[in-house]
Amino acid sequence: QVQFVESGGGLVQPGGSLRLSCAVSSSDFSRYQMSWYRQPPGTQRERIAVIDIVGSTYYSSPVKGRFTISRDNAKNAVYLQMNGLKPEDTAVYYCNKVPTLDWGQGTQVTVSS
């Protein structure tokens, strides 16, 4: 069973940065298209960034230009560098493959002064 373990969240002031990490327990990781999702309080989960098997990336409009997704196939890991954080980025952040499997616990990001 593939598991996703997210880490790196926390409390940060507006304008600050965080780097999220996701460890994936699968020997097929290099063949997965991977995504980061987030779920703000009281709303549905949304996909915000995608990276394919050759490293091409896609970002949703709210995060484009501020967030960067990357992967390290040797470590079975995917990352999300978040810069210029805003209060509206407050959410639980999750990683998963495309199409999705069972979700991990996510990591909480809170942007507040």
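Note that the coordinates shown come from a computational prediction; the quantities given were computed from them, not determined experimentally.
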For Tyr32, enumerate each residue passing the side chain to side chain donor-acceptor pair (under 3.5 Å) test, keeping only those at least two apart in sequence or located in another chain. Ser26
With a cut-off of 3.5 Å and sequence neighbours excluded, list every side-chain donor-acceptor pair involving residues 49-64.
from, atom 1, to, atom 2, distance (Å)
Asp52, OD1, Val54, N, 3.0
Asp52, OD1, Gly55, N, 2.9
Asp52, OD1, Ser56, N, 2.8
Tyr59, OH, Ile69, N, 2.9

Check: residues 97-111 side-chain donor-acceptor pairs under 3.5 Å, at least two apart:
from, atom 1, to, atom 2, distance (Å)
Lys97, NZ, Pro99, O, 3.2
Asp102, OD2, Gln1, NE2, 3.4
Thr107, OG1, Gly9, N, 3.0
Gln108, NE2, Ala91, O, 3.4
Gln108, NE2, Thr110, OG1, 3.3

Under a single-linkage rule joining Ile, Leu, Val, Met, Phe, Trp and Tyr whose side-chain heavy atoms are separated by less than 4.5 Å, which residues share a cluster with Val5? none
Could you pull out all residues at least two apart from Arg66 that satisfy side chain to side chain donor-acceptor pair (under 3.5 Å)? Asp89
Quick one: which residue pairs count as a salt bridge (Lys or Arg N to Asp or Glu O under 4.0 Å) with a foot in residues 69-82, not counting sequence neighbours? none
Using links of under 4.5 Å between side-chain heavy atoms of ILVMFWY residues, direct or through other members, which residues join Leu11 in one cluster? none
I need the full list of disulfide (SG to SG under 2.5 Å) pairs touching residues 45-76, with sequence neighbours left out, sorted by first then second residue. none
Pairs flagged by salt bridge (Lys or Arg N to Asp or Glu O under 4.0 Å) wherever residues 2-30 is involved - sequence neighbours left out: Asp28-Arg31
Side chain to side chain donor-acceptor pair (under 3.5 Å) against Tyr94, all qualifying residues, sequence neighbours excluded: none
Listing request: all disulfide (SG to SG under 2.5 Å) pairs with a residue in residues 57-113, at least two apart in sequence or in separate chains. Cys22-Cys95
Side chain to side chain donor-acceptor pair (under 3.5 Å) filter on Asn76, not counting sequence neighbours, yields none
